[in-house]
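Encoded as structure tokens, here's the structure I'll be asking about.
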Amino acid sequence: MTQTIQIIHEGKTFELPVIEGVFGEKAVDISQLRATTGLITYDPGFVSTGSCQSQITYLDGEKGILLYRGIPIEQLAEKSTFIETAYLLIYGHLPTPSEYETFSYHVKHHSMVHESIKNFYDGFPNNSHPMAVCSAVVGALATFYQDQMNQPDDREIEITIHRLIAKFPTIAAYSYKKSIGQPLPYPNNALNYTENFMNMMFSNPCEKYEVDPMVAKVLDVLLILHADHEQNCSTSTVRLVGSSKCNLYSSVSAGIYALWGPLHGGANQAVIEMLQAIQDDGGQIKKYVNKAKDPKDPFRLMGFGHRVYKNFDPRSKIIKKLAHQVFEKLGVQEPLLELALELEEIALKDDYFLSKKLYPNVDFYSGLIYKALNIPVNMFPVMFAIGRLPGWIAHWVELQGDEDFKIGRPRQIYRGPAKNDYVPMEKRK
Ligand code: SDX
């Protein structure tokens, strides 16, 4: 028996179906609302709007739960690898040994980029933000594989998936190496995914560079934690661009730009810049907490708050623990960590943050770890993007096969002039 709700509008009663998710979450199906009532909905930022039905990731914001294909993030962070988690998100199940071996092989053997791509980096100013560079270069991959642009078949999509996951770390490392005037190294297929990335980032032709296995493992866990998060801003961007039947390279390029924003994935860079500013200002945490609470002050506590989590972000809890382990193992005394812990403690005792359910999110501690691993601050959002790539891909692929597939095209309420006429230039004052 389909549940329904009733809308009474202009004396008429309309019934709309209610659909229910696996965990009992309910949605009013308004796909026929305008056709039956003439009404549309209005929901800035889509706070109460579901854009799709998805089987990939589940969040419970009140309980602080995050599941990738039903598996708790805590288990994946402890037991999985990023490449295995990427497979899980994209293909819907944990890979068998042969599936894992095949997927890993293809990801390894697509890690080089076309030599011509290196020329792109000569065109960017040395102080370019790496997110702008990465989005441009990832988008440009579409110019190298044009035979697979329009309506690619499953095999072509599979190759594109391998290429993107394999080449993104190379493209990302190149954006850093170019900015410091160092040669662009080749990937090393003898290394695992994060070892290879660290080697491309920090090796140079003049001396031997050994990747610290602990560092590579910490990075792998961070990539797992960032791999997907259902309909966040950047994933919704990838879906919207993909809904026009645009290719996966271009859809991901758009996702990278969306992630760059300081309210989204750019927050991990903004957190460190905020902590540094507080430290430079004498560590006056109370002053900045009060600024964050002042409705007239645009300052916000970066790394705090979330559209969905109204409890601790489960990823933040794992990253906080990881940060302590990393600093202990590396023997790093990071004053900004102490500041972050103090800031969190003060904020979480403050009614403003408690009443608005503002807790540390995934970006609050992650930057402290990247900093300890000597990753430059402007590369922090790039680390988020490398992690989020499998999620973007999984949602793009799910959308293409969605039985409810439609091009994304929201409506609006018009507030402009009702009638206007053209005024010749000579009559304008
Ligand atoms: C990510 O969606 C995802 O899943 C994202 C993400 C993912 O994995 O993809 O989890 C990754 O983007 C994490 C969020 C990183 N961004 C930040 O840390 C930036 C700081 N946070 C805020 O800008 C804000 O909390 C957002 C953008 C994260 C969420 O914004 P919402 O859901 O639109 O909430 P809101 O802006 O309406 O805030 C609700 C209230 C407001 O006060 P009132 O208007 O009700 O008086 O809380 C206040 C806000 O002013 N508020 C904050 C605050 N965040 C919200 N006040 C001070 N400091 C903050 N950080």
Side-chain angles (χ1 to χ4, degrees), residues 43-51 54 56-62 64-68 73 77 85 89 131 222-239 255-275 278 285 287-319 340 343-344 346-348 350-368 380-381 383-392 394-395:
D43 182 18
F46 311 118
V47 175
S48 305
T49 295
S51 62
S54 177
I56 300 170
T57 292
Y58 175 73
L59 305 188
D60 182 320
E62 282 63 40
I65 291 171
L66 171 56
L67 310 176
Y68 291 170
I73 191 67
T85 297
L89 287 167
M131 284 295 266
L222 285 170
L223 294 181
I224 291 171
L225 294 171
H226 287 81
D228 193 47
H229 217 236
E230 52 126 289
Q231 305 311 319
N232 60 85
C233 177
S234 54
T235 301
S236 297
T237 301
V238 171
R239 276 181 169 261
I256 297 171
Y257 279 124
L259 186 71
W260 187 11
L263 295 188
H264 191 15
N268 56 20
Q269 175 177 349
V271 166
I272 295 297
E273 290 165 349
M274 172 188 75
L275 292 173
I278 294 173
I285 293 177
K287 170 183 168 185
Y288 287 86
V289 167
N290 291 331
K291 278 172 65 68
K293 291 159 62 176
D294 179 355
K296 292 190 287 298
D297 190 326
F299 174 79
R300 286 194 162 179
L301 276 192
M302 303 315 278
F304 266 77
H306 199 276
R307 173 61 58 77
V308 175
Y309 288 127
K310 301 308 173 189
N311 193 325
F312 265 92
D313 181 333
R315 302 166 297 176
S316 176
K317 280 185 189 173
I318 298 169
I319 294 175
L343 176 58
E344 177 188 353
I346 292 172
L348 294 187
D350 187 299
D351 185 50
Y352 173 90
F353 293 89
L354 294 175
S355 63
K356 292 179 187 295
K357 299 183 170 38
L358 302 174
Y359 292 90
N361 57 49
V362 69
D363 293 307
F364 189 63
Y365 285 105
S366 54
L368 290 164
F380 291 5
M383 299 311 297
F384 196 144
I386 295 172
R388 187 50 53 87
L389 179 59
W392 289 334
H395 282 274

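Counting convention: from 1, in listed order, for ligands and their atoms alike. Every heavy atom of this structure was used, including side-chain atoms; hydrogens, water molecules and symmetry mates were not.
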Considering the options W392, Y257, W260, which one meets the side-chain hydrogen bond (donor to acceptor under 3.5 Å, both in side chains) requirement together with S234?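 Passing option: W392.
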
Taking side-chain hydrogen bond (donor to acceptor under 3.5 Å, both in side chains) as the test, write out the residues that go with K291, two or more places apart.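 K291 satisfies side-chain hydrogen bond (donor to acceptor under 3.5 Å, both in side chains) with D297 once adjacent residues are dropped.
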
Is the distance between the ring centroids of Y309 and Y359 under 6.0 Å?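 No - the distance between ring centres of Y309 and Y359 does not fall below the 6.0 Å cut-off.
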
How about OH on Y352, more than 12 heavy atoms from neighbouring residues, nucleotides or ligands closer than 6.0 Å, or not?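 Atom OH in Y352 is packed in, count exceeds 12.
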
Among T235, I73, L66, find the one that has a side-chain contact (heavy atoms from CB on, under 4.5 Å) with H229.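 Only one option passes, and that is L66.
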
Protein residues that have a heavy atom under 4.0 Å from any atom of ligand 1, sorted by chain and number: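 Only H229, N232, P262, L263, H264, A267, A292, R300, L301, M302, G303, F304, G305, H306, R307, R315, Y352, K356, L358, N361, D363, F384, R388 have heavy atoms that fall under 4.0 Å of ligand 1, ordered by chain and number.
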
Within a 6.0 Å radius of atom NZ on K287, are there more than 12 heavy atoms belonging to other residues, nucleotides or ligands?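 More than 12 heavy atoms, drawn from other residues, nucleotides or ligands, come within 6.0 Å of this atom.
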
